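Step one of this worksheet: look at the structure below.
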Amino acid sequence: KHNPQGDTHFLEDESTKMFARKVADHYSSRTNQTLEEREASPIIHLKKLNNWIKSVLIQLYTKRGDAVLDLACGKGGDLIKWDKANVGYYVGIDIADGSIEDCRTRYNGDADHHQRRKKFSFPARLMCGDCYEVRLDRVLADDAPFDVCSCQFAMHYSWSTEARARRALANVSALLRPGGTFIGTMPDANVIIKKLREAEGLAFGNSVYWIRFDEEFSEKKFKSSNPFGIKYKFHLEDAVDCPEWIVPFHVFKALAEEYGFELVFVKNNHTFVDEYMKKPEFVELMRRLGALGDGNQDRSTLSPDEWDAAYLYLTFVLRKRGQPDQT
Ligand code: SAM
């Protein structure tokens with residue numbers, strides 16, 4: 001029998017799946033770069049800056065021996081960072097099967113495209129799956145609880161529907177121990193909407209990125225309508241070209257609180273860099289990575305357009321309520 005509501009639900013479900021597939025296919029199709037190709041990238045310094053931000057976060061919030069869950073781990077670009085933090089166990093999950101294959105190759109140490117290195121010192125489990133759809137508490141029942149969960153440059157892919165956003169947070173909440181930490185980076189909706197207001201039409205950008213909102217987007221609808229499924233197309237030279245969704249941070253924070261988290265901090269990445277570049281140990285790390293010149297106000301190696309693209313992101317830290325076991 002015809003059921004209009006059911007049909008609508010079915011269509012929504014199908015288009016959500018189609019967009020998740022588009023995102024997965026985009027990342028799967030990105031092949032590993034050689035060291036030379038990487039160094040020639042127009043956003044090489046932005047990549048290095050992002051690696052610095054992730055390294056700082058990992059160093060600040062991980063202890064020796066921690067069990068780590070890396071949601072949307074990609075090609076495993078953070079494996080070395082986790083190794084430096086001496087983690088005890090690592091689970092990485094990503095929707096893109098090509099990326100998980102690259103991650104596995106990197107973990108196994110054969111044919112590492114950057115450098116031949118010793119094996120990682122921690123055991124790892126790498127899986128392909130949709131972190132915002134699957135009940136990970138069931139899949140990872142034997143691996144939990146985790147001390148730290150990380151979701152780098154990927155949380156916004158959960159914001160296509162409320163159900164997916166909730167699944168994402170429910171998964172992290174169910175798998176972290178009480179007192180555990182959830183660290184991540186994602187686009188800063190305030191910056192994106194501010195730039196959209198200043199733009200002439202529905203698109204804006206510079207030489208390294210552009211963002212284009214769908215025709216049906218309107219500021220009025222944005223303010224009144226539901227805060228999920230606000231889609232735009234994001235293009236970042238030599239990195240990203242796929243649909244993404246606005247994550248209003250106050251909604252993310254409120255939803256996270258429902259799932260037992262408290263906010264430790266949220267900072268736009270410009271602020272993050274300015275604050276942590278005041279600490280000598282992180283200035284030294286920046287020098288080694290080579291994203292900025294000699295630190296402090298010297299951004300000689302990062303182009304103004306790359307620095308402007310860094311402004312599009314924020315870093316957050318959430319803490320799962322409760323006391324860790326005293327045993
Ligand atoms: N976290 C990695 C890093 O920082 O290098 C990768 C970041 S990349 C910008 C975004 C990643 O999110 C991609 O690897 C993509 O496949 C993954 N992703 C997107 N939607 C996902 C989903 N529903 N479940 C799991 N991974 C997802």
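All ligand and atom numbering here is 1-based and tracks the order in the structure. Since the model is a prediction, treat every value here as computed from it, not as a measurement.
- Of all protein heavy atoms, the one closest to atom 23 (N) of ligand 1 is Asp130 OD1, 2.8 Å.
- In this structure, His26 falls outside the shell of residues with a heavy atom less than 4.0 angstrom from ligand 1.
- Ring geometry for Tyr157 versus Trp245: interplanar angle over 60°, hence perpendicular rather than tilted (30 to 60°).
- A 6.0 Å sphere centred on NZ of Lys233 holds more than 12 heavy atoms belonging to other residues, nucleotides or ligands.
- Close approach of ligand 1 to Ala96 is summarised as follows: ligand atoms under 4.0 Å from at least one heavy atom of the residue are 16 (O).
- Interface atoms of ligand 1 facing Ala154, defined by a heavy-atom separation under 4.0 Å, are 12 (O).
- The contact set between ligand 1 and Tyr132, taken as ligand atoms under 4.0 Å from a residue heavy atom, comprises 21 (C), 22 (C), 23 (N).
- With Ser28, Cys131, Ala72 as candidates, the residue nearest to atom 1 (N) of ligand 1 on a non-hydrogen basis is Ala72.
- When only non-hydrogen protein atoms are considered, atom 10 (C) of ligand 1 lies nearest to Phe153 O, 3.5 Å.
- In summary, the aromatic rings of Trp307 and His270 are positioned with their centroids under 6.0 Å apart.
- Using the six-membered ring where Trp is involved, Phe182 and Phe252 have ring planes that are tilted, between 30° and 60° apart.
- Scanning the protein for heavy atoms near atom 20 (N) of ligand 1, the closest one is Tyr157 CB, 3.6 Å.
- With hydrogens left out, the protein atom closest to atom 21 (C) of ligand 1 is Ile95 CG2, 3.4 Å, a heavy atom.
- Following chains of ILVMFWY side-chain contacts shorter than 4.5 Å, one can reach Val273 starting from Leu302, so the two form part of one hydrophobic cluster.
- For the pair Ser150 and ligand 1, no heavy-atom separation below 4.0 Å is found.
- With a 4.0 Å cut-off on non-hydrogen atoms, Asp94 touches ligand 1 through its backbone as well as its side chain.
- Below 30°, between 30° and 60°, or above 60°: for Tyr232 and Phe234 the angle between ring planes is above 60°, a perpendicular geometry.
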Q: Output, in order, the C-alpha distance, side-chain angles, deciding distance and verdict of ring-ring contact (aromatic ring centres under 6.0 Å, His included) for Phe261 and Tyr259.
A: CA-CA 6 Å; Phe261 290 100; Tyr259 289 93; 8.0 Å; no
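- With hydrogens left out, the protein atom closest to atom 9 (C) of ligand 1 is Tyr27 OH, 3.3 Å, a heavy atom.
- In this structure, Trp210 and His235 have parallel ring planes: the angle between them is below the 30° cut-off, well short of the 60° mark.
- Within ligand 1, the atoms closer than 4.0 Å to a non-hydrogen atom of Arg164 are 23 (N), numbered from 1 in the order shown.
- Under a 4.0 Å heavy-atom criterion, Cys73 is in contact with ligand 1.
- Near Gly129, meaning under 4.0 Å from one of its heavy atoms, ligand 1 places the atoms 24 (N), 25 (C).
- Looking only at side-chain heavy atoms (C-beta outward), Asp70 and Tyr90 come within less than 4.5 Å of each other.
- Comparing Arg30, Lys54, Gln152 against atom 5 (O) of ligand 1, the shortest heavy-atom distance belongs to Lys54.
- Counting heavy atoms from C-beta outward, Ile93 and Val91 have side chains that approach closer than 4.5 Å.
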